[in-house]
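First the structure, in the form of structure tokens, and then the observations on it.
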Amino acid sequence: MKIKMRFQKIFMLVALIIAALSAVYALLFCSGTLFQIHQNAILYNTKSGEETVAGIKDLYEASQGVSDTLLIMGIVMILVVALNYITGTGKRRKYYVTNYVSIGIAIAYSLTLAIVIIALVVNCQSLVDKIDWVAAKDEFESMIPGEWKYTTWTLPTGYAMAVLLLLVCGGFVANLVWKIKLMQGEKKLLESGLVREVA
């Protein structure tokens, strides 16, 4: 049981860190080239709605939508993990109904968030692939020479973030199964009159 209790505490901290990273990722999503799209209104003017390179407007709007959606969902993910702290999932020797409910919510939500991230990133990637980035670079540097830096690092990072959330989901499942097995083992020992610690 000592090993299990240690795992619970460490896992809950890791889950909270990953939840926080999902919110940070949302804030950083519109970095690099996605930021340069509307910098100084060269490639896309948000006020007039004019784009100087085909497809830039769609990518800008999609990327902003990703950032907004994932920020809200990332904050909710933090609250979901915090709920498990409130119910004592990380420190309780025996789980109660509240623990099962909070763990169930965490499993469902982390899986949902991972799927949403993948879907949104795939959509943005498809829009990125449609744009003539040579034309975008030329247009940008005609106004600000030497300042263009093409990087869409937030897209592959999104897949990594989704994998981390899937690991959190799997961790909650493993934690729950392990706890149920240990509680069943303890119950059998108590029923047989044996008093010893379950490893």
**Request:** Would you please test Leu79 and Tyr109 for side-chain contact (heavy atoms from CB on, under 4.5 Å) and show each step?
**Result:** CA-CA 11 Å; Leu79 295 175; Tyr109 194 80; over 6 Å; no
**Prompt:** side-chain contact (heavy atoms from CB on, under 4.5 Å) between Val121 and Val66: does it pass, once the steps are laid out?
**Reply:** CA-CA 8 Å; Val121 169; Val66 171; 5.6 Å; no
**Message:** Using the rule given for side-chain contact (heavy atoms from CB on, under 4.5 Å), can you reason through Lys94 versus Met183, listing the C-alpha separation, both sets of side-chain angles and the distance that settles it, and then say yes or no?
**Reply:** CA-CA 7 Å; Lys94 180 182 177 183; Met183 288 172 65; 3.5 Å; yes
**Item:** Criterion side-chain contact (heavy atoms from CB on, under 4.5 Å) on Tyr100 and Ile180, from CA distance to verdict
**Value:** CA-CA 10 Å; Tyr100 292 115; Ile180 290 171; 4.2 Å; yes
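Heavy atoms only, all atoms of each residue included: Ser63 and Cys30 are closest at O-SG, 3.4 Å. What you find for Ile117 and Ala162 is that their closest heavy atoms are CG2-CB, 4.3 Å. Smallest separation of non-hydrogen atoms from Cys124 and Leu155: CB-CD2, 3.9 Å. When all heavy atoms are compared, the tightest approach of Glu51 to Gly55 is OE1-N, 3.4 Å. The heavy-atom pair separating Ser126 from Asn123 by the smallest distance is OG-O, 2.5 Å.
The hydrophobic cluster containing Val168 also contains Val14, counting ILVMFWY residues as joined when their side-chain heavy atoms lie under 4.5 angstrom apart, directly or transitively. Ile37 and Phe35 fall into different hydrophobic clusters, where Ile, Leu, Val, Met, Phe, Trp and Tyr are joined by side-chain heavy atoms under 4.5 Å apart, directly or via other members. Neither Leu111 nor Leu167 shares a network with the other; the hydrophobic side chains, linked directly or stepwise wherever heavy atoms of I, L, V, M, F, W or Y lie under 4.5 Å apart, form separate groups for each. Hydrophobic clustering (side-chain heavy atoms under 4.5 Å, transitive across Ile, Leu, Val, Met, Phe, Trp, Tyr) keeps Met161 apart from Leu71. Both Val101 and Val81 are part of a single hydrophobic cluster, where members link through side-chain heavy atoms under 4.5 Å apart.
Under a 3.5 Å cut-off, the side chain of Gln8 and the backbone N or O of Thr89 do form a donor-acceptor pair. Put simply, the side chain of Asn45 gets close to the backbone of Lys47: a donor and an acceptor are under 3.5 Å apart. At distances below 3.5 Å, at least one donor-acceptor pair connects side-chain atoms of Ser67 with backbone N or O atoms of Ala26. Thr52 contributes a side-chain N or O that, together with a main-chain N or O of Ile42, makes up a donor-acceptor pair within less than 3.5 Å. Side-chain atoms of Thr112 come within 3.5 Å of backbone N or O of Ala108 as a donor-acceptor pair.
Put simply, the side chain of Lys149 does not reach to within 4.5 Å of the side chain of Thr33, judged on heavy atoms. Side-chain contact between Trp133 and Trp148 is present, with at least one heavy-atom pair separated by less than 4.5 Å. The shortest side-chain heavy-atom distance between Met5 and Lys179 falls under the 4.5 Å cut-off. Between Phe11 and Leu16, every side-chain heavy-atom pair lies at or beyond the 4.5 Å cut-off. Contact check for Lys137 versus Tyr150: no side-chain heavy atoms found under the 4.5 Å cut-off. Phe172 has its side chain out of reach of Val177: every pair of non-hydrogen atoms, C-beta onward, lies at least 4.5 Å apart. Two residues are said to be in side-chain contact when any heavy atoms from C-beta on lie closer than 4.5 Å; Ile18 and Met77 fail this criterion. By the 4.5 Å heavy-atom criterion applied to side chains, Leu70 and Ser22 are not counted as neighbours.
Distance OG/Ser102 to CD1/Ile86: 9.5 Å, rounded to 0.5 Å. A distance of 13.0 Å separates CE of Met73 from CD1 of Ile78, quoted to the nearest 0.5 Å. Of the inter-residue distances, the one linking Glu139 atom CD with Ile56 atom CD1 reads 10.0 Å to the nearest 0.5 angstrom. Residue Leu43 holds its CG atom at 12.5 Å from OH of Tyr60, rounded to the nearest 0.5 Å. From Leu164, atom CG reaches atom SG of Cys169 across 13.0 Å, with rounding to the nearest 0.5 Å. In this structure, CG on Asn84 lies 7.5 Å from CG on Asn99, to the nearest 0.5 angstrom.
A side-chain donor from one of Tyr95 and Asn175 sits under 3.5 Å from a side-chain acceptor of the other. Side-chain contact, Gln64 with Asp68: no donor N or O sits under 3.5 Å from an acceptor N or O. For Thr98 and Thr87, the side-chain atoms include no donor-acceptor pair closer than 3.5 Å.
A ring-centre distance under 6.0 Å is not found for Tyr44 and His38.
No more than 12 heavy atoms of other residues, nucleotides or ligands shown are found within 6.0 angstrom of CD on Glu50.
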